[in-house]
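Only one structure is covered here, and it is reproduced in the block below.
Residue numbers run from 1 in the order of the sequence given.
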Amino acid sequence: MTNKKHMSEDKRAMNYGSSGPIYDSETVAHLENFKPNLHTVMTDENVIQNFCNKYTKWITSTKLNSYKGLDSFQYATYANATSESFDKFYMRNNTRRFRCFKGEYMYHQLAWRNSWPNWLFIEDSELDENDAVVISLPFSDTGNKHINHDEILNKCDELGIPVLIDCCFAFVSKGVDFNFNHNCITDIVFSLSKTFPVSYARVGMRLTRVDDDDTLFVYQKISYNNRFGAALGQHFINKFTPDYIVDQYKDVQIDFCEQLNVEPSNTVFFGLGGDDWKEYSRGGPKNRLSFHKFMHDKNLKEYYGS
């Protein structure tokens, strides 16, 4: 029986619902100009490793955020965005009880409701040594660092609880301290889906401290990954910095937030509303509005009905 106890409404059809890349004219043009020889890409046995090597260096080239401890995660594997890495984390920790904060990315709750129905929000019960935790940074519900992020990681260190950190908003954010100096962190996952118009190509990467020979590692070792996604990802990180989107749209975010009387998030296409925006609640204390659908136009007139 499917447990829908914790499911919230789908907000993709709402003006400021869901989240996704900004269809920035420069990045769209770059996508249109991507015309590889598909046979060359599909037969290039080095494209995955080249992408992972460049992507890891690209991440830490940011001038808007800080990264600490990333170099201790020496094993990089290609992943189809972040969701494929989530599945591997679930499989590795399948005897544990899964935990996340309220307002976390809905994928986890959808995955857990059938196979691990004993999962709980972190707010609803003390952590136990048999738990496994998923946390997004920036946090999915706000685009900021979760207020209890450090506290929970310290507790997970103390109890030996494995933690996956989801950094899918890393390259559309500013002012975030990405501190991975915690023994509890086993997986760090990145994606370009929220940064560039490549979400359907599933471009992502997982970093771990150890090679446990799970199926992501097996794919990598036998060169059976998504080579097209890796080639497309490399095409974009060769052209744009990890700060490009924030640099382009930080002033637009401030303008939109002032017009709607909401608080700017550290993530450039989010605004955080008060009681007037309760319909955008995702279960946490904030009401997250996403401007990604129309930031490329740099105006809200369509949504004002004028």
Side-chain angles (χ1 to χ4, degrees), residues 52 55-56 59 67-113 115-116 118-123 127-143 145-146 148-171 173 176-194 202-217 219-220:
C52 288
Y55 194 20
T56 304
I59 289 167
Y67 285 87
K68 301 171 185 174
L70 196 65
D71 54 354
S72 66
F73 293 80
Q74 59 181 310
Y75 294 100
T77 53
Y78 186 91
N80 288 307
T82 55
S83 54
E84 187 176 26
S85 295
F86 299 155
D87 296 341
K88 308 310 178 188
F89 183 79
Y90 306 155
M91 292 168 63
R92 190 187 322 126
N93 296 289
N94 69 85
T95 62
R96 293 177 177 270
R97 178 179 61 174
F98 290 107
R99 310 293 299 274
C100 68
F101 285 114
K102 293 179 180 179
E104 186 56 272
Y105 181 35
M106 183 59 62
Y107 183 95
H108 305 297
Q109 299 171 46
L110 294 172
W112 299 342
R113 64 181 180 180
S115 298
W116 297 279
N118 65 331
W119 72 272
L120 288 174
F121 288 121
I122 292 172
E123 294 91 338
L127 289 175
D128 182 89
E129 62 183 6
N130 195 48
D131 288 339
V133 170
V134 175
I135 306 175
S136 49
L137 177 67
F139 185 56
S140 181
D141 195 42
T142 62
K145 185 177 181 178
H146 193 285
N148 298 122
H149 180 96
D150 292 331
E151 175 188 346
I152 289 300
L153 289 185
N154 289 335
K155 188 66 175 179
C156 289
D157 278 341
E158 177 186 333
L159 295 175
I161 294 172
V163 176
L164 178 148
I165 305 291
D166 172 16
C167 301
C168 74
F169 293 124
F171 318 123
S173 68
V176 179
D177 176 19
F178 291 87
N179 186 356
F180 301 115
N181 288 312
H182 289 271
N183 291 330
C184 62
I185 300 173
T186 60
D187 301 57
I188 307 170
V189 298
F190 295 92
S191 170
L192 294 181
S193 296
K194 299 296 190 293
R202 319 302 291 146
V203 184
M205 182 178 69
R206 181 188 68 180
L207 296 177
T208 59
R209 288 191 172 97
V210 299
D211 175 355
D212 67 355
D213 205 35
D214 74 353
T215 48
L216 274 189
F217 276 110
Y219 292 160
Q220 194 102 328

For the backbone of [Y] and the side chain of [X], can you confirm whether one donor and one acceptor N or O come within less than 3.5 Å of each other?
X      : Y      : result
Arg113 : Trp119 : no
Arg209 : Ile185 : yes
Gln220 : Ala76  : yes
Asp157 : Asn183 : yes
Arg99  : Phe121 : yes

How long is the span from the [atom1] atom in [X] to the [atom2] atom in [Y], to the nearest 0.5 Å?
X      : Y      : atom1 : atom2 : result
Leu216 : Arg206 : CG    : CZ    : 4.5 Å
Ser136 : Asp166 : OG    : CG    : 5.5 Å
Leu207 : Phe190 : CG    : CZ    : 6.0 Å
Met205 : Tyr55  : CE    : OH    : 6.0 Å
Tyr105 : Thr82  : OH    : OG1   : 6.0 Å

**Request:** Step through it carefully: locate the ring centre of Phe139, locate the ring centre of His149, and say whether they are under 6.0 Å apart.
**Result:** no

**Message:** Taking the ring of Tyr90 and the ring of Phe98, is the distance between their centroids below 6.0 Å?
**Reply:** yes

Identify the two heavy atoms, one from [X] and one from [Y], that lie closest to each other, and give their separation to 0.1 Å.
X      : Y      : answer
Cys184 : Leu153 : SG-O, 3.6 Å
Cys168 : Lys194 : O-CB, 3.7 Å
Ser193 : Arg202 : OG-NH1, 4.0 Å

**Request:** May I have the step-by-step check of salt bridge (Lys or Arg N to Asp or Glu O under 4.0 Å) for Asp131 and Lys155, ending in yes or no?
**Result:** CA-CA 11 Å; Asp131 288 339; Lys155 188 66 175 179; over 6 Å; no

**Request:** May I ask you to decide whether Asp128 forms a salt bridge with Arg97, counting only side-chain N to carboxylate O separations under 4.0 Å?
**Result:** no

**Request:** Classify the side-chain pair Asp177/Asn179 by whether it contains a donor and acceptor separated by less than 3.5 Å.
**Result:** no

**Prompt:** Under the criterion side-chain contact (heavy atoms from CB on, under 4.5 Å), which of Asp187, Val133, Thr186 is the partner of Pro162?
**Reply:** Thr186

